[in-house]
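The first residue in the sequence is number 1, and the count goes up from there. Quick caveat, the model's predicted, so the values are computed rather than measured.
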Amino acid sequence: MTQVATAEPAAPPRKRRGRSSVANPDGLWPWLFVLPTLLGLAIFYFWPVIQTAYYSLTEWGVFGGTEFVGLENWIGLLQSGQVPRALANTLVYTAMLLLGLPISIYIASLLNRPGLRFAGFYRVLYFAPFVSMPAAIALVWGMIFNSQYGILNQFLGVFGVPRIHWTSTEWLALVVIGVVGVWSSLGFNIIILGAGLRGIPAEVYEAAKIDGASNWRQLTSITVPLLSPSIFFLTVLSVIHGMELFDLIFIMIGESNPIRSETQSMVSLFYREAFVANDKGTGAAIAILLMLIIGVLTAIQFWARKRWFSYE
């Protein structure tokens, strides 16, 4: 009998010694490309924050020089009673900016209606205030709301309405500032929301019309849910922008207005302490406090975004 030779199993290939095959083949090249951005963030963002936090623990002399005083600036700031009022005014203005989002959604839906003529021209008109200088906007609206020669009071006087002190009454001044803020932010909101509206398939609206959905039902059940990413983006930006309120109050209210201290914002308080009172340590403490408040509000928005908005 002949024996059938069986082939021996091939030996497994020897593993190559040296660098692992899963190592990054690009080496340091990605880091070299990212390095300029990291240096920019470190120099212009991270280091100023660290420096400002240190300055909030110091006291500045009249002719320069600093002295470490610990939490003395923070304690004096919280005991002064100015922070709660300034923070409340800032939050009221921020809330008014958020109330402007439904107006922006409605206007954006009107501008994106099929067959609308001169839609691009209307978008330019709404967007123009956003690219204008805040100081110029405040000057123009300050003349409109002027109690002596303002156009609004002259128009209302035709109907027998007595003169209204728009920027000299505490609660009314905050409403006026909020209205101007909403007006100046409409353009940016409409552009962002318009881009989101153009991404919604037309078939969804056609199916809703076949099912008998009204325009209001389409807005609340289709447009708003599918626009939730854009709405969330604008909500975060509106909160940050509202907490940084300064230009409108500084120009429209003015430094000589008797209600200046009752209508000041957090940034206005920072300006008065750091540059008017020349208290750089307290001003730095206000800046760090404002940064922490904005960070907390933004973190809350990101934490609650799944409950407020639908990404499906």
Side-chain angles (χ1 to χ4, degrees), residues 92-145 151-152 155 175-245 247-248 252 298 301-302 305 308-312:
V92 169
Y93 175 78
T94 304
M96 293 191 67
L97 287 186
L98 293 177
L99 291 177
L101 288 179
I103 302 175
S104 302
I105 295 174
Y106 182 72
I107 296 177
S109 62
L110 292 180
L111 293 179
N112 282 272
R113 294 175 59 185
L116 179 65
R117 301 179 60 184
F118 308 110
F121 175 72
Y122 297 143
R123 293 190 184 97
V124 171
L125 288 181
Y126 278 107
F127 191 72
F130 181 77
V131 297
S132 302
M133 294 295 293
I137 293 176
L139 286 174
V140 172
W141 280 97
M143 290 186 291
I144 293 175
F145 285 106
I151 300 175
L152 184 57
F155 174 75
V175 173
V176 167
I177 296 296
V179 169
V180 177
V182 170
W183 173 83
S184 60
S185 63
L186 277 179
F188 180 77
N189 295 346
I190 290 172
I191 294 298
I192 299 298
L193 294 172
L197 285 171
R198 287 189 288 273
I200 300 177
E203 294 80 4
V204 178
Y205 291 102
E206 294 176 358
K209 291 179 181 179
I210 294 176
D211 292 338
S214 61
N215 293 333
W216 176 254
R217 185 60 183 273
Q218 294 177 34
L219 177 65
T220 56
S221 300
I222 298 176
T223 304
V224 173
L226 294 181
L227 275 181
S228 55
S230 301
I231 296 174
F232 174 71
F233 172 74
L234 292 176
T235 302
V236 174
L237 288 187
S238 297
V239 170
I240 296 175
H241 177 67
M243 296 300 296
E244 297 174 347
L245 170 65
D247 306 83
L248 296 178
M252 294 186 65
T298 305
Q301 288 177 289
F302 274 90
R305 69 185 185 274
W308 295 348
F309 304 112
S310 171
Y311 289 85
E312 300 177 358

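- Taking every heavy atom of both residues into account, Val179 and Met96 meet most closely at N-CE, 3.9 Å.
- Here ring-ring contact (aromatic ring centres under 6.0 Å, His included) pairs that include residues 97-121, with residues two or more places apart or in two chains, number zero.
- Distance check, rounded to the nearest 0.5 Å: CH2 of Trp141 to CE of Met252 gives 8.0 Å.
- Residues that satisfy the ring pair (Phe, Tyr, Trp, His ring centres under 6.0 Å) test with Tyr93, not counting sequence neighbours, are absent from this structure.
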task = Could you walk me through whether Leu111 and Ile107 pass side-chain contact (heavy atoms from CB on, under 4.5 Å), step by step?
result = CA-CA 6 Å; Leu111 293 179; Ile107 296 177; 4.1 Å; yes
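- Annotation for Ser238 and Leu101: closest pair OG-CD2, 4.3 Å, computed over non-hydrogen atoms.
- Between Thr235 and Gln301 the shortest side-chain heavy-atom distance falls below 4.5 Å.
- Residues forming a side-chain contact (heavy atoms from CB on, under 4.5 Å) with Val140 (at least two apart in sequence, or on another chain): Ile144.
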Identify each donor-acceptor pair in which a side-chain atom of residues 187-200 lies under 3.5 Å from a protein atom, sequence neighbours left out, and give them as a table.
{"from": "Asn189", "atom 1": "ND2", "to": "Ser104", "atom 2": "OG", "distance (Å)": "3.4"}
{"from": "Asn189", "atom 1": "ND2", "to": "Ser185", "atom 2": "O", "distance (Å)": "3.3"}
{"from": "Arg198", "atom 1": "NH1", "to": "Asn112", "atom 2": "OD1", "distance (Å)": "3.2"}

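- Residue Gln218 comes nearest to Ala213 through the heavy atom pair NE2-O, 3.2 Å, listed as atom of the first residue, atom of the second, then distance.
- Rounded to the nearest 0.5 Å, atoms CG (Leu234) and CD1 (Ile105) are 8.5 Å apart.
- In this structure, the side chain of Ser132 engages the main chain of Ala128 through a donor-acceptor pair within 3.5 Å.
- Applying the side-chain contact (heavy atoms from CB on, under 4.5 Å) rule to Ala119 yields the partners Leu116, Arg123; only residues at least two apart in sequence or on another chain are considered.
- Remark: Glu206 CD to Asp211 CG distance equals 12.0 Å, nearest 0.5 Å.
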message = Would Ile240 and Met243 count as a side-chain contact (heavy atoms from CB on, under 4.5 Å) here? Give the steps.
response = CA-CA 5 Å; Ile240 296 175; Met243 296 300 296; over 6 Å; no
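- Considering only residues two or more places apart in sequence or on other chains, Ala207 meets the side-chain contact (heavy atoms from CB on, under 4.5 Å) condition with none of them.
- Atom-to-atom distance recorded for Thr94:OG1 and Glu244:CD is 9.5 Å, nearest 0.5 angstrom.
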message = Please evaluate residues Ile137 and Val180 with respect to the criterion side-chain contact (heavy atoms from CB on, under 4.5 Å), reporting the C-alpha separation (whole Å), side-chain torsions for both, the decisive distance (0.1 Å), and the verdict.
response = CA-CA 8 Å; Ile137 293 176; Val180 177; 4.0 Å; yes
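- Checked against side-chain hydrogen bond (donor to acceptor under 3.5 Å, both in side chains), Thr223 has the following partners two or more places apart in sequence or in another chain: Tyr205.
- With rounding to the nearest 0.5 angstrom, the CG atom of Leu125 is 12.5 Å from the CG atom of Leu186.
- Within the 4.5 Å cutoff, no side-chain heavy atoms of Ser184 are placed close to those of Phe130.
- Scored by the ring pair (Phe, Tyr, Trp, His ring centres under 6.0 Å) test, Tyr122 finds no partners at all (sequence neighbours excluded).
- With rounding to the nearest 0.5 angstrom, the OG atom of Ser109 is 8.5 Å from the CZ atom of Arg113.
- Under the rule for a side-chain contact (heavy atoms from CB on, under 4.5 Å), the partners of Thr220 that lie at least two apart in sequence or sit in another chain are Trp216, Arg217.
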